[in-house]
Amino acid sequence: MGKSSRTFLGFKYRMGTSFAKERVRNPLQNVNERATVALSYLSRSMSYNHSDIDKKWQKTWEEAKIFEAKNDSKKDPYYLLVEFPFPSGAGLHVGHPRSYTALDVIARKRRMEGYNVLYPIGWDAFGLPTENYAIKTGRKPQDVTKENIDNFRRQLKSLGLSFDWSREVNTTDPAYYKWTQWQFLEFFKAGLAYKDTIAINWCTSCKIGLANEEVVNAACERCGGEVEMREKEQWMIAITKFADRLIDDLETVDFLPKIAKQQVDWIGRSEGAKIRFDLGEVREVLVATGNEAKLERNRFVCEGSNIALREAVDYGMHSHEVNEGSDLVENARMKAQVYAGNVDVPVLGMDSAFVLEGVDMDPAEVRRSVVTEEEEAALSQREIADRMLAHYKGLAEARGGVIEGHWHDVFVCIFPDGTEKVTECKRPIQLSTKVHEPVDEFFPIRSLYINRKTGKYPKEQTEEETRVELEDYRVALLDALQPTIEVFTTRPDTLYGVTYMVLAPEHPLALQLATDEQSADVETYIEASAKKTDIERGDAAKEKTGVFTGAYAKHPLTGEYVPIWVADYVLMNYGTGAVMAVPAHDERDFAFAKKYDLPVKQVVDGDEANLDHEAFIAKDGKLVNSGAFDRMTVAEGIAGITSKLEELGKGEKATTYKLRDWVFSRQRYWGEPIPLVHCEACDWVPIPDDQLPVVLPEIDAYLPTDDGESPLAAINDWVNTECPSCGGPAKRETDTMPNWAGSSWYFLRYTDPHNSEAFASEEALKYWMPVNLYNGGMEHTTLHLLYSRFWNKFLHDRGHVPVSEPYHSRRSHGLILAEDGSKMSKSKGNVVNPDDIVTNFGADTLRMYELFLGPFSEPAPWSENGVMGVKRFLDRVMRLEEFIANDASKELTSALHKMLKKVNTDIESMSFNTAVAAMMSYVNELHKAKSVSKDSLHTFLRTLVPFAPHVANELYEKTGGNEILESLSWPEFSEELTKDDVVTIAVQVNGKLRATLEMDAGSNQAKVEAAARAEEHVAKYLEGEVKKVIFVPDKLVNFVV
RNA sequence: GCCGGGGUGGUGGAAUUGGUAGACACGCUAGACUUAGGAUCUAGUGCCGCAAGGUGUGCAGGUUCGAGUCCUGUCCCCGGUACCA
């Protein structure tokens, strides 16, 4: 014990401490040094010389180019993918080879089965760790990256993985990120990339925006620095537009169930309804117009609301005409200002424009251009209308007969306190040369266009259709006058149970609605919650807080008034930022109602309901207290109440998602520059294809700045450029892309990595895609995996990729833990370096150990002793050479075929650990027999070669093999030969094992029963009456007494 | 809290449709060969017991000729998620 402990510690010392320190400075030198040390041990051991063998076969494979995939092959393609590593300064982790080796086994098996296999590798090399490391050491990220990649490549090559190195990709290579930029511009051109101001977690020390998961206890996960919320303009990509397809298309692929589920949960689709609550009191509004028709229309759309529209004359004033300019908002405001201040009701000003795409037009000007002032007096209204019609028709004809356009309506409401609210809407129309008779003499254009929502001419529309046409108009108008509160709920069936409403503190109406007495409290509450981070806010366990606004909303069905509260348990960024509270049937509302003594009204019946203590959230009851909806099931209630709301214009079916759009900007240096320029005249303009890539300038001052701007913003001669569209002065976008960008499409590039005309050729994509099997970490399920599926779908929609789903199968490997079961980490000093294992025991030992240490998808602790066990196995394999004989005993042949069968099926089910165990068992049998035929040995080596390619090839060559093993076919097993002549049969009495029998296979029941009864251990239990005998052929016999 | 996954020797882990629990490996014990190697070989190794035998897959029940496997309840561990209306 003492002896082995000492040597063991000595070994630990050599591996863990002395080399680790120097490795950082000069990796290559230390490898040699370690090799020398290892050799001195080898010379004294019986081990094969793994260093020489590893190098010899790696060289052989490289020269023979046998792992290079062919794009012009007639063979069936098979595409295996592992997540390409981020080349960190720490070098390869023992976790990397686990999945690389596992898929290497499959890749090698598939090649031997005759497939054209693509198993590529590359570098996901942009990213913060490199940039931070570069800053710390005062070096260029470019140099650090190159060095890290070289080290990773050396380490990976030392493992004998069958990657196609000729297809290596690197996300930081301009030839690669040219296409990342090009694809980003595709998003931009499709309108899916947009700029938006959002609040982000900002680490004041790293000077970078953090994702929520990077914030721990209101501090930066990375550096512990202070985190604050900052408003920041960011490029966003509209991944939410693909939410449904990202969920639904999971049906078409073979992902590990928990992976698919995690994605579905992350996207978080909820179906329900949006419901609008009006404010309680009736509002009088003065409409600033002298136009009866406009007033008429506004009254029409306000029907059913609590808005009463009045005219100036109602307040004893005359209507005034105001000169019109070209700015709609300014016009509307000027109209309202005529009366504002003279009455104590809100004043509404409005203006509309008829906008035809690509045509400069204004109805008043059209009128002026077709009739002179003299003519105007002389001509009839009908004649003028005809001339205007002719003018419009001319415009349409000049543009192929049809012009798309819209009505643009603007509302400005000035409230008695002087504040104003501006809203607008656009109603799409299509103008053509076809005239709908009779022509509207006062408004001739209404006879020339159809409304895009109804597909009809205005005059053709029924009243109902007119309401459809004017829906957006109505929303904008009412919104201007009196905001309604819109909520989202998954339980519209509980609408009758609403006893109060809650707004998120950030809700724009929160303060606006507060009554005079309550506004101070509300303001204080809003300010207090603004100071909290998302993490503090997000703790569901903490007691809920809130404050009453003093305002009430009108229930859309009962007309009752319910109080409106502000509380931070409602989140602004989900749904509409407001909820209808149903304390009887929602846990959170219940807790809040109990605390603030708000009423609880039960509307779903159930025996288990105990509303004194908890909310009743089960959905198997019937509706009660719900008027006409009583006795409906929950499902019927949801449908019934939703359609009732639709009928009333108070709500509609709606779906919301937890998934947010993708924040695509980083204000950091080490990423792909976003290829856009901003021009005063042309807005955002893409860099033309022939000027891509926009190369990241190599600069010394790439430190992040505290103003939240990218370091690129400081390079004046790079930022200032010329607008590609108008040639005027313009500024480059200085944000860079997140490190998820390059990894969102690398699997496409592998199919055709050297193409300079396209990111990959159509033929290559068609031949290789989709990826047959993609393996990666669970931690990438909701980010990389989702992003890349989305990215691929988008490119597919644009016609650039032939498949909608990029990966046919997705599997995940388990983490490798330290010996004590904790996570390996540099700070704990328990990281195992693969180099040490390769140097001391050889690549094959590391490969096989990582496959053997446990089920592939489960986490497993590292074990130094386990490594040695595998090393011993490989030594035993090498020693098989001594046993070669012509013996082909029935037992050994059967053992061989059982092993072949087991290894074959285990590889397919990714049960590598039991495949290795099967080979170990087989080798143990050969050692026991001290005999193996050359044929059997060579068959075994063909099975071993995917696992331990160096050892297998070496022994094959030493025992007379002339080819590279990889060029041979995968061994087939014979089902017949796996069968044994003699089987062991269990003898049970009442299900308890009493004896075992060796019997000829296929023995019948009578024979087995007789043999069993003859056993004395069995006989003594069978003295009573035997009621029943259960017989399972070749397995067991069970006596029931 | 909710949603997944899982509890099997001293350890990592094996166990087709319910059919000999503990394959394979580590560790340990004894011995052989050796001067010593992190080597090899032989035998043993779930637990209790000298043995016969009993007992045993987190715990408590149930179904069955027979349960690690199926059912009910319960406890614990790991992962994901977190006021998502």
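Heavy atoms of A/Ser863 sit nowhere under 4.0 angstrom from any nucleic acid atom. A/Gly869 comes within 4.0 angstrom of the backbone, heavy atoms only, and of no base.
Legend: ring pair (Phe, Tyr, Trp, His ring centres under 6.0 Å) pairs involving residues 1019-1041 of chain A, not counting sequence neighbours: none detected. Among pairs with a residue in residues 900-914 of chain A, those fulfilling salt bridge (Lys or Arg N to Asp or Glu O under 4.0 Å) read A/Lys109-A/Glu908, A/Arg110-A/Glu908, A/Lys901-A/Glu975, A/Lys902-A/Asp906, at least two apart in sequence or across chains.
Residue A/Asn865 places at least one side-chain N or O closer than 4.0 Å to OP1 or OP2 of B/G27. Using a 4.0 Å cut-off, no side-chain N or O of A/Asn1038 falls inside it from OP1 or OP2 of B/U64. In terms of phosphate contacts, A/Arg994 brings no side-chain nitrogen or oxygen within less than 4.0 Å of OP1 or OP2 of B/U20.
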Please convert RNA chain B into dot-bracket. A pair counts if it is Watson-Crick or G-U wobble with both distances under 3.5 Å; crossing pairs go in [ ] and bases paired with another strand get |. (((((((..(((......[....)))((((((.......))))))(((....)))..(((((..]....))))))))))))....
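Contact annotation: side chain of A/Lys544 to base of B/C83, donor-acceptor pair present below 3.5 Å.
Note that A/Lys544 lies outside the cation-pi zone of A/Phe592, set by a 6.0 Å cut-off to the ring centre and a 45° limit from the axis.
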Using a cutoff of under 3.5 Å, can you pull out all pairs of nitrogen or oxygen atoms linking the protein to nucleotides 41-46 of chain B, with atom names and distances?
from: B/C41; atom 1: OP1; to: A/Arg876; atom 2: NH1; distance (Å): 2.8

Which atoms of nucleotides 7-15 of chain B (N or O only) lie under 3.5 Å from a protein N or O atom, and what are those distances?
from: B/G12; atom 1: O2'; to: A/Leu853; atom 2: O; distance (Å): 2.9
from: B/A14; atom 1: OP1; to: A/Asn913; atom 2: ND2; distance (Å): 3.2

Below 3.5 Å between N/O atoms, which protein atoms pair up with nucleotides 16-18 of chain B? Just atom names and distances, please.
none

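More than 90° away from 0 lies the glycosidic angle of B/G49, which makes this nucleotide anti.
Of the candidates B/C26, B/C83, B/A25, the closest approach to any side-chain atom of A/Met920 belongs to B/A25. Checked against B/G54, B/U81, B/U55, the side chain of A/Trp266 finds its nearest nucleotide in B/U81.
Taking NE2 of A/His927 as the reference point, atom CD of A/Glu925 lies at 12.0 Å (rounded to 0.5 Å).
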